[in-house]
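For reference, the structure is listed below as structure tokens.
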Amino acid sequence: MSEQLNILILTLTTGEEVIANVQDHIENINGEERRICYNMVYPFVISRSGPLKKDKIDIVFKPWKIFSCDTSFLIGFDSVVNMCSPFPDVTNQYKRACDQFIKNLAEQQQQQQ
């Protein structure tokens with residue numbers, strides 16, 4: 001994850017809460033660059049596990065598309081209800097979840113060779 005990160009929590013029209021590195025997807029149309037949609041890189045559905053304990057919440061990170069090996073997904077502007085910045089601790093947990101996901105993907109690819 002070497003590019004500049006823009007980690008946000010998105011609420012989708014489906015009701016899902018997704019955390020991802022969100023980028024604008026830009027295409028050249030008739031010689032003009034236009035924002036077409038969002039590109040969610042390493043999206044994870046986030047949910048809480050158990051009750052709030054002393055201002056702490058256990059968070060569960062699950063890959064958004066569990067049956068895909070893709071790591072980025074284009075999503076239309078109209079599919080997003082809102083976006084917000086996560087707390088720093090949530091961002092750190094997300095980064096660890098991404099690192100583990102990347103490691104697991106690499107292991108799966110090695111096993112298939």
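Values reported hereafter were calculated over all heavy atoms of this structure, with side chains retained and with hydrogens, waters and symmetry mates removed.
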Donor-acceptor pairs under 3.5 Å, side chain of residues 67-84 to any protein atom, not counting sequence neighbours: which ones?
from, atom 1, to, atom 2, distance (Å)
S68, OG, D70, N, 3.0
N82, OD1, T11, OG1, 3.1

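Taken from CE in M40 to CG in L12, the straight-line distance is 6.0 Å, to the nearest 0.5 Å. Atom CD of residue Q23 and atom CG of residue L8 lie 9.0 Å apart, to the nearest 0.5 angstrom.
Scored by the side chain to side chain donor-acceptor pair (under 3.5 Å) test, D24 finds R35 as partners (sequence neighbours excluded). Contacts of E107 classified as side chain to side chain contact (heavy atoms under 4.5 Å, CB included), with partners at least two apart in sequence or in another chain: K103, N104. Under the rule for a salt bridge (Lys or Arg N to Asp or Glu O under 4.0 Å), E27 has no partner lying at least two apart in sequence or in another chain. Listed by chain and residue number, Q93 satisfy the side chain to side chain donor-acceptor pair (under 3.5 Å) test with D89 (two or more places apart in sequence, or in another chain). T14 is linked by a side chain to side chain donor-acceptor pair (under 3.5 Å) to E16, counting only residues two or more places apart in sequence or in another chain. Applying the salt bridge (Lys or Arg N to Asp or Glu O under 4.0 Å) rule to R34 yields the partners E32; only residues at least two apart in sequence or on another chain are considered.
The aromatic ring centroids of F101 and F44 lie less than 6.0 Å from each other.
Other members of the hydrophobic cluster containing I29, listed by chain and number, are I36; membership follows side-chain contacts under 4.5 Å among ILVMFWY residues, whether direct or relayed.
Q4 and N6 form no side-chain donor-acceptor contact under 3.5 Å, judged by distance and modelled atom types alone.
Residues I7 and P86 share a closest heavy-atom pair of O-CD, 3.3 Å.
For Y42 (side chain) and Y94 (main-chain N/O), no donor-acceptor pair under 3.5 Å exists by modelled atom type.
Remark: of the listed residues V18, I46, V22, I46 is the sole one forming a side chain to side chain contact (heavy atoms under 4.5 Å, CB included) with I9.
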